[in-house]
Number of protein chains: 2
Amino acid sequence: MMTNSENAVEALQGMFNARSVALVGASSTPGKFGYHTLETLINGGYKGQIYPINPKADRIKGLKVYPSITDIPGAVELAVVVVPAPFVPGVLREAAAKGVSGAAVLSAGFRESGFPDREAEIAAISKELGLRFLGPNIQGFTYVPNKLCATFFPVITKVGPMAVIGQSGSVTAALAEWADHEGLGITGAINLGNQTDLCESDVLEFFGQDEHTRAIALYVEGVKDGRRFLDVASRIAQTKPIAVLKSGRSEVGRRSAASHTGSLGGSDEVFSAACQQHGIVRANDLETLYDAAKALATLGEPRGNRVLVISTSGGGNTLAADEAEKHGLVVPPLPEALKERLDQIGLPPNATVSNPLDLAMIEPEPFKQAITIADQFDIADIYLIVFGDPVEGGAEAVKHLAAHVNGCVAVAYFGGGATESASRVEIQEAGIPVFAAPERAARGIGAAVWATKYRRSLRGNA
Amino acid sequence: MMTNSENAVEALQGMFNARSVALVGASSTPGKFGYHTLETLINGGYKGQIYPINPKADRIKGLKVYPSITDIPGAVELAVVVVPAPFVPGVLREAAAKGVSGAAVLSAGFRESGFPDREAEIAAISKELGLRFLGPNIQGFTYVPNKLCATFFPVITKVGPMAVIGQSGSVTAALAEWADHEGLGITGAINLGNQTDLCESDVLEFFGQDEHTRAIALYVEGVKDGRRFLDVASRIAQTKPIAVLKSGRSEVGRRSAASHTGSLGGSDEVFSAACQQHGIVRANDLETLYDAAKALATLGEPRGNRVLVISTSGGGNTLAADEAEKHGLVVPPLPEALKERLDQIGLPPNATVSNPLDLAMIEPEPFKQAITIADQFDIADIYLIVFGDPVEGGAEAVKHLAAHVNGCVAVAYFGGGATESASRVEIQEAGIPVFAAPERAARGIGAAVWATKYRRSLRGNA
């Protein structure tokens, strides 16, 4: 039986860690997928062998081209297939003959285009010859620990703790791009497409075992096998958090999803209830999926749900506190003894010594002092630092705190121009989550606290 | 009676269009508000006279310094006050003696810091001497048509159609920064602070009359006079749309708002109901406020609520369509005759010719062709173009369409790396709204359609 998950994970391990790649359908013509995929492979910094395949070319981008995969002299561990759909069955047979671990079929023109027979054909070839594959109808995949960008877009070079799995190529790419751009980074970004063979559950299994991955962001329009998905996702969520966005909730969205990847959505309420029960974070939009996964991947396991909100901005404080309470967090009042200590650090008269704590200063030092003192009083499990205006030296202060206090540290940086841009990346690259708005921080932290509580309850130490 | 709104608007007009500014408390020491405010004034490109006031300095940043406002030889139309709170009453008396139109009191240390008497004192001076002022406890204000950045942060140079009014300095600044950075621009960004004299209703009145302003984004923690606010806001919303975010909805948020600006929030439900009734868009978080105001400022009056969603990305399509239906928009199916026409433009086999329309191509030309054809069938009032992956030439195509089709054009650009960054600004600078995620586009468009419907219903042509 080819669909068992153990074999799938082995195949994915072989594909993602491949030391040699055949790009079947490589092209020297800009605008063609076969051109951009080769370019992305090269620009990603892949260290293994790249074999472009094209019967009509000799060299592309300086690389020797082979007429077919079976003409390659050495071993090939991964086949990336971008040829037109009618040629895919033949290519897969050749790849199997060559002994590759697995294939990524980027080509479209199968079930989603009204050719279910063609899709059945490649499914049968996979079963018959034992060749596992991702796709068809995908943008490709990226596995950053191996510097392998087997996709026509984007080039991702920043390794980070978040894995991205998505049915949509551009949604998967956007999540990966955001993470790369912000300094969070990813382990991998895998576009699922039609899931003819390997499906979301198989890729989940892989990232569940992947040592580099601390949390998984998943975008689905429908799942291939609901029972298996819940089985796999709920098992992984016991130790490694998962955030999921399932679209196709409206009638028109379901129609769109059905034509896009041929998915049948199923009941949204049932899906939500199952996520809730199994500790899987359900996000309602793309940015919330990203923020939740970011928090899950970087915050570790907060001790509890108490948040001290601390800011240069009374407005940012109020927005963060409002949203925190909506997401299961508490913003506890400060004990008098702590207030007395904070009154001694020389805050300006318009500072507000309470929780939220408004420093009314744009200097980094009061943040360090206030949080260090608060930490001694054990009044919060998470310190949410809300930077509004530019805080020169803010990144240094945040990194110092993250290294020295017992509570978790998270940042919302929602203004501050050039200072913000530089500081955000510096803080995020240090593994401390930075969110783009006060409310987004509160939602992300809420997700991490909720998932932690779930895992603790399973371990009996809730 | 000093608090009538006509006098207030006149005062604000004088302040915002001031041809000369005295900065009382200018400093040569980086880190001091008096230093950064002078720097921002200069860097904003202000063309009028700047008079730094400081009894202990001779020149700051190359400008001649005066010991007091009364020592300035020429006329002074605006006083920007950053001296410590105890000196503010004296400064206001001097400003009134000098005949300035109004003042912006950035200094903190009044009601919000436990000194209500000091605040009462400046209120009395204002009444007695007829000097209107913004603040105290503010970051300042910006009025871009006059290149006047009377604030310690940020420098805003891009004139655009959105006005920002906010009780919080950093929230006001963040909205202005986002608009500047993205190419949307603002007319003004006014931080209200304690609203001792001039309040949100006065500033609303000003922007209601301001010819450059097409929509107003308002952030409040509580309003000074609820009845007058609703009176003014509902009158303006009849012709110029307003989006409002009111924080302090949770208990802890109310506590934070009260200590920040001394605001009493009042019932959130009552506020929401009043907004609903009077055509004022109520946003639930900061990014939604920004997106709504952006749509209100740029989309004009869509003819109706029908949206054609068109994308390179099936996933982006699905997310946009899902959210559209939640916000009062319809995503109607395409008539067969239109589908036949679209089938002739040479889309790839995995394109989905329906609404949402998935082109499955990252070329700009099919967008132009498909929307131009769809426009002839009058099936949509708004064309929402969802770019996932980079579309070279996408900006050009969007601008062409906006100039040539009858429906409104809006863009969601949520991935695409460097291409996205450049195209987003180019499109936004052409006055076409660009949103950072598919769902954010749907929410923004929903707000614009709702507010338009309200205005039409008042005009009797709903």
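Just so it is clear: chains get the letters A, B, ... in the order the sequence lines come, proteins before strands, and each one is counted from 1. What you see is a predicted model; the values in this text were computed from it and never measured.
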Would a 4.5 Å heavy-atom cut-off, applied to side chains only, mark A/T419 and B/F153 as touching? no
Report yes if the side chains of B/E323 and B/P438 come closer than 4.5 Å at any heavy-atom pair, otherwise no. no
Counting only heavy atoms closer than 4.5 Å, note whether [X] contacts chain A via side chain, backbone, both or neither.
| X | value |
| --- | --- |
| B/L245 | side chain |
| B/F414 | both |
| B/Q139 | side chain |

Between [options], the one whose heavy-atom pairs under 4.5 Å with chain A are most numerous:
| options | value |
| --- | --- |
| B/G388, B/A360, B/P349, B/A85 | B/P349 |
| B/G316, B/G417, B/A436 | B/G417 |
| B/A321, B/G415, B/G109 | B/A321 |
| B/P390, B/S311, B/A108 | B/P390 |

If a pair satisfies side-chain hydrogen bond (donor to acceptor under 3.5 Å, both in side chains) and one of its residues is in residues 170-180 of chain A, list it, with sequence neighbours excluded. A/S170-B/S313
Sort out for me which residue in B/N191, B/I190, B/L192, B/N194 forms a side chain to side chain contact (heavy atoms under 4.5 Å, CB included) with B/I138. B/N191
By a 4.5 Å heavy-atom criterion (distance strictly below it), what part of A/E363 contacts chain B: side chain, backbone, both, or neither? side chain
For A/H181, side-chain contact (heavy atoms from CB on, under 4.5 Å) partners two or more places apart: none
Output yes when A/D291 and A/R443 qualify as a salt bridge under the 4.0 Å nitrogen-oxygen rule, no when they do not. no
Most heavy-atom pairs under 4.5 Å with chain B, out of A/G416, A/A437, A/G114, belong to A/G416
Counting only N and O atoms by type, is there a donor-acceptor contact under 3.5 Å from the side chain of A/E200 to the main-chain atoms of A/I165? no
